Amino acid sequence: MKAATLNKFLSVFLLPLLNILTAFIFTTILFLVIGIDPWEAAKILVQGAFGYEEGIGYTLYYTTNFIFTGLAVAIAFHAGLFNIGGEGQAYIAGLGVSLVALGLGSFLPPWLLLPLAILAAAAFGAAWAAIPAYLQAYRGSHIVITTIMFNFLAASLMVYLLVNLFSEPGQGMPASRAFPETASLWTWQEFMAAFGIEFAASPLNISLILALVCCVAVWVFLWKTRWGYELRTVGANPEAAIYAGINPKRIVMLAMLLSGALAGFVAVNELLGVQHRLVLGFNTGYGFAGIAVALMGRNHPIGVMLAALLFGALYQGGAELAFEIPSVTRDVVVVIQGLIILFSGALEFMYRAPLQRWLLRFAREA
Amino acid sequence: MQDFWVSLILTLDATLRVSTPLLFAALAGLFSERSGIVDIGLEGKMLVGAFAAATVASVSGSVWLGLLMAIVASVCFALLHGFACITHRGNQVVSGVAINILASGLTVVLGLAWFHQGGSTPALTNDQRFTAITLPFAEQVADVPFIGLLYSELLSGHNILVYLAFALVPLSWWVLYRTRFGLRLRAVGENPKAVDTAGISVASLRYRAVIIAGVLCGFAGAYLATAQNAQFIRDMTAGQGFMALAALIFAKWRPWPILFACLLFGFLDAVAVRLQGVTLPGIGLVPVQLIEALPYLLTVILLAGFIGKANPPKAIGVPYVKER
Amino acid sequence: MTACALELIGISKRFGLVKANQDISLCVPSGTIHGIIGENGAGKSTLMSIIYGFYQADSGEIRIQGQTVKIHDSKQAIALGIGMVHQHFMLVDEFTALENIMLGAEGGALLHEGEQRVRQRLAELSRLYGLEVPLDIPVNQLAVGVQQRIEILKTLYREARILILDEPTGVLTPQEADDLFKILRTLKADGVTILLITHKLREIMAITDQVSVMRQGQMVAHRETAATSMPELAELMVGRKIRQSVDRHEQTAGQVLLNVRDLTVRDKQGIPRVNQVSLQVAAGEIVGIAGVSGNGQSELLQALAGILPFNEGEINFAGQKLTPQQPVNAARMRELGLAHVPEDRHRMGLVLPFAAYQSSILGYQRVGKYNHGLTLNDPAIRTEYTDRAEQFDIRPRDPFLGSNNFSGGNQQKIVLAREIGADPQLLLVGQPTRGVDIGAIEFIHQHIMDMRNEGKGILLVSVELDEIMTLSDRILVMCGGVITGEVSREQANEQILGLLMANALDPNNQQGHSA
């Protein structure tokens with residue numbers, strides 16, 4: 001009993017904390033190497049992310065994307081799958097959103113158009129995930145490799161479509177024409193104004209609410225429904241799943257469809273909420289960041305939410321840092337992201353054995 | 001006819017240049033993955049290699065010192081991968097993703113701090129890079145119809161790294177299939193327990209494999225920054241590491257087919273560049289993106305089991321645990 | 001007494017809390033074939049892994065030819081002249097025999113340097129011991145028997161003088177096994193010391209000079225093979241436990257619930273693990289299946305539960321006729337009224353990271369009472385679990401505790417409570433008291449008996465003879481995938497069961513017993 005409690009404390013609290021701490025220690029070293037006072041940088045970062053309303057708006061806008069991709073990675077993880085295709089799934093979802101917004105925008109009222117566009121995002125994202133899922137479940141090809149390939153396929157396809165189908169003649173950047181007015185989500189400013197509250201203008205929009213709803217929905221799905229139960233069983237012990245009469249192949253399909261749909265919601269935030277047109281590379285980096293978010297959040301929606309907030313703050317704070325200190329760009333955040341994936345993911349158990357020994361000795365002496 | 005011949009030679013010439021980094025990286029992946037360690041960090045290792053090569057070449061003025069530092073930097077990242085995957089039995093895919101992201105961020109941050117050029121390194125002068133080597137008699141035979149062009153344009157006039165990359169294919173084959181080290185390397189990727197019971201250390205073999213992968217990615221990076229281009233530019237690998245991974249899989253983890261796959265993928269790339277904006281009769285505007293995507297598409301189709309069957313090394317991706 | 005080629009003194013090894021080997025001592029005289037017999041999990045493989053340097057003993061001493069040695073890894077073991085043929089061959093499938101044999105003993109940095117020498121030496125060895133193998137074909141294209149010969153050649157090429165074979169006949173046909181024994185006798189004649197690990201009594205009697213018996217991590221007996229018998233060894237292996245009293249009603253069996261005809265299950269290599277088995281289970285009876293583990297009981301149980309596909313025969317249950325062409329899955333079998341307590345609760349019966357109450361609906365997660373519209377009805381599940389925890393005395397009671405934090409006995413109670421609680425018509429039970437503390441055994445037995453008393457059918461698979469005899473109304477004995485006999489409760493005794501388990505009852509007599 002005692003050992004069990006200690007172990008839980010270790011794996012839920014102490015180890016993740018130590019891993020993050022290690023990542024931040026290396027970040028500090030990096031700052032020192034490039035000749036920047038880490039304390040000063042941290043202050044600018046925090047101030048930029050949370051110090052004023054617009055900054056908070058930006059932070060939460062990034063957070064929204066990270067919640068979507070983080071949940072996408074997490075839900076696949078619970079089924080024992082590693083979906084690194086969030087990047088491509090989000091991109092293709094943008095196609096779905098754009099087709100609905102541009103194709104039906106002129107006939108449909110917003111209350112019908114927006115849900116349809118959101119559904120299209122989910123459906124297109126899920127469809128792009130479904131092919132690797134099918135290949136994994138029924139043809140035995142490894143999902144990690146196929147999802148990587150599908151990221152590149154998505155990129156090529158979208159460039160082709162943007163250049164040949166969507167782009168307006170005479171435009172510099174490949175982008176579609178603007179969505180009709182009816183196809184834009186409320187900005188946070190507008191949303192708050194409906195309650196009579198003033199909020200500074202920022203890209204933040206009501207997709208954040210969708211993201212929070214998704215957190216709750218994923219939590220309910222994974223831990224409160226029989227499908228989530230079956231999904232987690234397959235991930236934790238495939239043999240027990242077969243014993244229980246669960247078909248692991250179907251679970252692979254289910255998990256990846258949901259994962260792709262969640263990743264697809266990035267297109268909702270980006271296109272319906274901010275860009276209001278299909279643009280090149282609107283998805284860049286969010287899919288991969290989702291891996292860091294999920295690893296850091298221990299694949300739990302609450303953890304994902306907190307990790308997404310941290311990453312949102314890092315993104316926004318990083319932009320501020322780049323503004324204040326010209327010799328730094330937001331790529332610092334990319335480094336931090338890499339360090340977190342390294343220490344919270346690949347080297348997850350580095351401290352476990354020594355800590356366990358130390359804790360056991362401590363427990364014995366006490 | 002002569003026109004077609006010239007443009008074919010030029011396309012093939014470009015193919016060789018584009019295939020070179022793919023070849024280095026795919027062979028790097030070959031050594032790592034045949035030992036059972038998944039390497040999706042090829043991209044990242046190439047990138048740090050490119051950055052180190054350009055930085056050192058521009059600061060020291062020596063392209064060879066640049067190459068050496070490219071190898072050192074890439075091997076450091078390879079050792080990090082080994083530390084996570086072999087020593088700590090971490091998830092090999094996660095470790096590879098971490099290395100890619102880390103490399104992408106670190107190169108820009110350091111580049112900006114050191115050179116203040118938006119993450120790029122200063123442009124290299126010609127004596128700071130690998131330049132074309134003219135093979136003997138290339139100029140003399142250039143005017144001989146067909147053969148002359150073939151020799152002087154296609155075979156001659158590449159830098160040393162291009163020739164090295166192609167020479168590495170038979171060398172890799174020889175190491176893998178004709179040496180004790182190669183036998184053990186192939187064995188550890190298939191059945192590490194068999195290697196262990198034969199009295200050979202699994203960890204040391206795998207470390208050697210990832211180090212070789214590091215060295216080869218260092219070459220690939222140096223080629224990108226100091227041979228094909230004349231500076232480091234942020235994210236200049238642009239997916240070539242993943243393309244190399246695709247080539248490795250498409251070649252079913254074997255050296256000679258890797259040559260073929262890299263040439264094919266390189267050729268597709270060269271063709272795509274040449275056909276950019278070209279309208280062909282009957283087809284219309286050539287869908288360049290489709291040609292660019294073909295390597296990935298072909299790899300997926302192969303993985304799905306529609307063209308033969310890709311049999312990866314059996315123990316790939318599985319940390320070796322001796323205890324029960 | 002001749003000198004010991006290999007001597008173990010007081011070897012102990014623990015894995016966490018499990019004592020895999022306790023104070024094991026053994027002397028294997030030079031140039032003999034020594035059998036080590038014991039059930040799966042008795043600690044034989046661990047012991048051999050210690051000798052081969054794969055694990056280090058926590059305490060104790062190993063002596064080779066009288067010299068005390070420390071063996072830290074396989075390399076040292078090989079240098080000391082120890083060779084091992086593992087149960088699962090340590091071959092690289094894609095490699096040729098030659099490459100496999102050379103691996104680790106290449107004779108030079110370049111392969112061609114050693115190759116001629118290897119070929120020459122192998123030709124000599126083949127001549128000497130009759131070990132013919134094709135050297136240049138990938139081993140995955142060779143028959144299992146040939147692969148095993150490659151394994152033996154591997155050890156001989158490394159000059160092994162002590163050869164350990166771990167369950168060598170498990171994957172062989174009877175003819176291949178005979179060939180193997182011929183080779184072993186030749187090796188012995190040449191002075192090689194052989195350790196044969198097995199759970200097959202027949203092999204021990206056929207080929208060994210001495211035999212040592214292991215049970216639950218301990219060495220329980222040493223015998224000269226000539227001075228012992230299969231029934232004695234069977235009894236030593238399985239051991240005796242105190243017979244408990246279980247409250248058993250006298251009643252006659254009712255209608256047939258499960259009717260199995262000519263069931264055959266083949267493994268991946270195509271070897272039949274269950275061979276033409278027919279049996280019936282009626283309402284209100286417990287049918288026990290006795291046998292040394294590894295004789296097809298596990299596969300039989302899994303096939304009946306809908307987990308493992310079967311190749312021939314039919315299963316009739318609840319008015320359904322199941323054939324290889326119309327297989328079903330475990331979920332469908334449960335709907336038809338079958339419950340299954342699996343042999344290995346960690347691998348199948350529980351999801352270890354799940355809370356106890358969550359594990360308590362594994363396989364029943366779609367049942368109406370556990371669901372509340374779209375969501376699981378957690379309060380109802382927990383209430384039911386709490387009731388069952390009370391009824392089955394699962395400790396601790398906490399429904400939120402992770403399944404991996406319970407003791408073996410309490411984990412088994414969670415599984416048993418779930419399967420019995422589902423109120424099935426037929427219960428399949430595998431090794432219900434394996435790894436369960438003594439106190440819980442009687443409790444578990446009584447619950448199984450209660451089910452029978454209520455008129456349910458039960459098929460019990462156990463390697464514990466005592467358990468089988470305490471509970472069963474009828475006893476079937478399996479050996480080598482076939483049912484070697486049936487004994488009624490009244491007729492059953494250890495002697496006759498032991499003989500059937502070894503398939504050593506004379507054929508005329510056996511006819512009279514078969515179902």
Side-chain angles (χ1 to χ4, degrees), chain A residues 30-31 33-36 82 84 131-132 134-135 138-142 144-146 148-161 163-164 285 288-289 291-292 295 322 326-350 352-353, chain B residues 38 40 44 80-81 83-85 87-114 116 118-119 234 239 242-243 245-246 249 285 287-297 299-300 302-306 309-310 312 316-317:
Chain A
L30 175 69
F31 276 124
V33 166
I34 59 176
I36 287 166
F82 197 175
I84 19 187
I131 310 168
Y134 173 83
L135 294 176
Y138 295 94
R139 313 265 335 173
S141 18
H142 204 289
V144 166
I145 304 293
T146 43
I148 290 176
M149 301 296 138
F150 267 67
N151 284 341
F152 287 102
L153 291 176
S156 293
L157 179 64
M158 292 302 283
V159 171
Y160 175 77
L161 291 176
V163 171
N164 294 292
F288 283 115
I291 298 168
L295 286 171
S327 62
V328 172
T329 58
R330 222 172 61 182
D331 296 282
V332 159
V333 178
V334 178
V335 178
I336 300 175
Q337 193 177 313
L339 288 169
I340 286 176
I341 296 181
L342 185 68
F343 290 106
S344 294
L347 286 166
E348 189 183 2
F349 302 122
M350 183 168 59
R352 184 193 254 171
Chain B
V38 175
I40 65 170
L80 188 63
H81 191 50
F83 181 68
C85 302
T87 305
H88 286 287
R89 301 186 192 119
N91 184 320
Q92 300 174 5
V93 174
V94 174
S95 171
V97 170
I99 279 171
N100 287 337
I101 294 180
L102 210 51
S104 159
L106 211 51
T107 48
V108 179
V109 169
L110 292 178
L112 198 77
W114 292 339
H116 311 285
R234 60 177 303 159
F242 291 107
M243 180 78 82
L245 191 67
I249 295 164
L285 200 63
V288 178
Q289 290 81 14
L290 178 67
I291 302 174
E292 281 172 349
L294 262 181
Y296 304 112
L297 201 59
T299 306
V300 169
L302 174 86
L303 279 171
F306 294 116
K309 187 85 191 126
I316 197 165

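Below, read A as the first sequence line, B as the second, and so on, with proteins coming before strands; counting in each chain starts at 1. Fair warning: this is a prediction, and the values are worked out from it, not measured in the lab.
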Trainee: Which region of B/Leu80, side chain (C-beta onward) or backbone (N, CA, C, O), has a non-hydrogen atom less than 4.5 Å from a non-hydrogen atom of chain A, or is it both or neither?
Mentor: side chain

Trainee: Could you check which of A/Val33, A/Ile145, A/Ile336 has the highest count of heavy-atom pairs closer than 4.5 Å to chain B?
Mentor: A/Ile145

Trainee: How many angstroms lie between atom CG of B/Leu245 and atom CD1 of A/Ile148, to the nearest 0.5 angstrom?
Mentor: 6.0 Å

Trainee: So how far is it from A/Ile34 CD1 to B/Leu110 CG, rounded to the nearest 0.5 Å?
Mentor: 7.0 Å

Trainee: Taking all non-hydrogen atoms of both residues into account, name the closest pair between B/Phe242 and A/Met149 and its distance.
Mentor: O-CE, 4.2 Å

Trainee: Please test B/Phe83 against A/Met350 for side-chain contact (heavy atoms from CB on, under 4.5 Å), starting from the C-alpha separation and ending with a verdict.
Mentor: CA-CA 10 Å; B/Phe83 181 68; A/Met350 183 168 59; 3.8 Å; yes

Trainee: Side chains of B/Leu303 and A/Leu135, heavy atoms from C-beta outward: is any pair under 4.5 Å?
Mentor: no

Trainee: Does a side-chain heavy-atom distance below 4.5 Å link B/Arg234 with A/Asp331?
Mentor: yes

Trainee: Considering non-hydrogen atoms only, spot the tightest contact between A/Tyr160 and B/Pro287 and give its length.
Mentor: CE1-CB, 3.6 Å

Trainee: Which region of A/Pro326, side chain (C-beta onward) or backbone (N, CA, C, O), has a non-hydrogen atom less than 4.5 Å from a non-hydrogen atom of chain B, or is it both or neither?
Mentor: backbone

Trainee: Donor-acceptor pairs under 3.5 angstrom involving side-chain atoms of residues 340-348 of chain A: please list them, not counting sequence neighbours.
Mentor:
unit_1: A/Ser344; atom_1: OG; unit_2: A/Ile340; atom_2: O; d: 3.4
unit_1: A/Glu348; atom_1: OE2; unit_2: A/Arg298; atom_2: NH1; d: 3.4

Trainee: Please look at B/Leu294 and chain A and tell me whether the side chain, the backbone, both or neither of the residue comes under 4.5 angstrom of a heavy atom of that chain.
Mentor: neither

Trainee: Measure the shortest side-chain to side-chain distance between A/Val159 and B/Val288 over non-hydrogen atoms and say whether it is less than 4.5 angstrom.
Mentor: no

Trainee: Between B/Val97, B/Ile40, B/Val38, B/Leu112, which has the largest tally of heavy atom pairs under 4.5 Å with chain A?
Mentor: B/Leu112

Trainee: Side chain, backbone, both or neither: which part of A/Asn151 has an atom under 4.5 Å from a heavy atom of chain B?
Mentor: neither

Trainee: Counting heavy-atom pairs under 4.5 Å to chain B, which of A/Val163, A/Thr146, A/Val333, A/Val144 comes out on top?
Mentor: A/Val144

Trainee: Which bit of A/Ile84 comes within less than 4.5 Å of chain B, counting heavy atoms only: side chain, backbone, both or neither?
Mentor: side chain

Trainee: Quick one: which residue pairs count as a side-chain hydrogen bond (donor to acceptor under 3.5 Å, both in side chains) with a foot in residues 98-114 of chain B, not counting sequence neighbours?
Mentor: B/Ser104-B/Asp235

Trainee: Could you tell me which of A/Ala292, A/Ala155, A/Gly338 has the largest number of non-hydrogen atom pairs under 4.5 Å with chain B?
Mentor: A/Gly338

Trainee: A side-chain contact here means heavy atoms from C-beta on lying under 4.5 Å apart; do B/Leu106 and A/Leu30 qualify?
Mentor: yes

Trainee: Any side-chain heavy atom of B/Val109 sitting closer than 4.5 Å to one from A/Val334?
Mentor: no

Trainee: Please flag which part of A/Val328 lies under 4.5 Å from any non-hydrogen atom of chain B: side chain, backbone, both or neither.
Mentor: backbone

Trainee: What part of B/Ile249 gets closer than 4.5 Å to chain A, counting heavy atoms only: side chain, backbone, both or neither?
Mentor: side chain

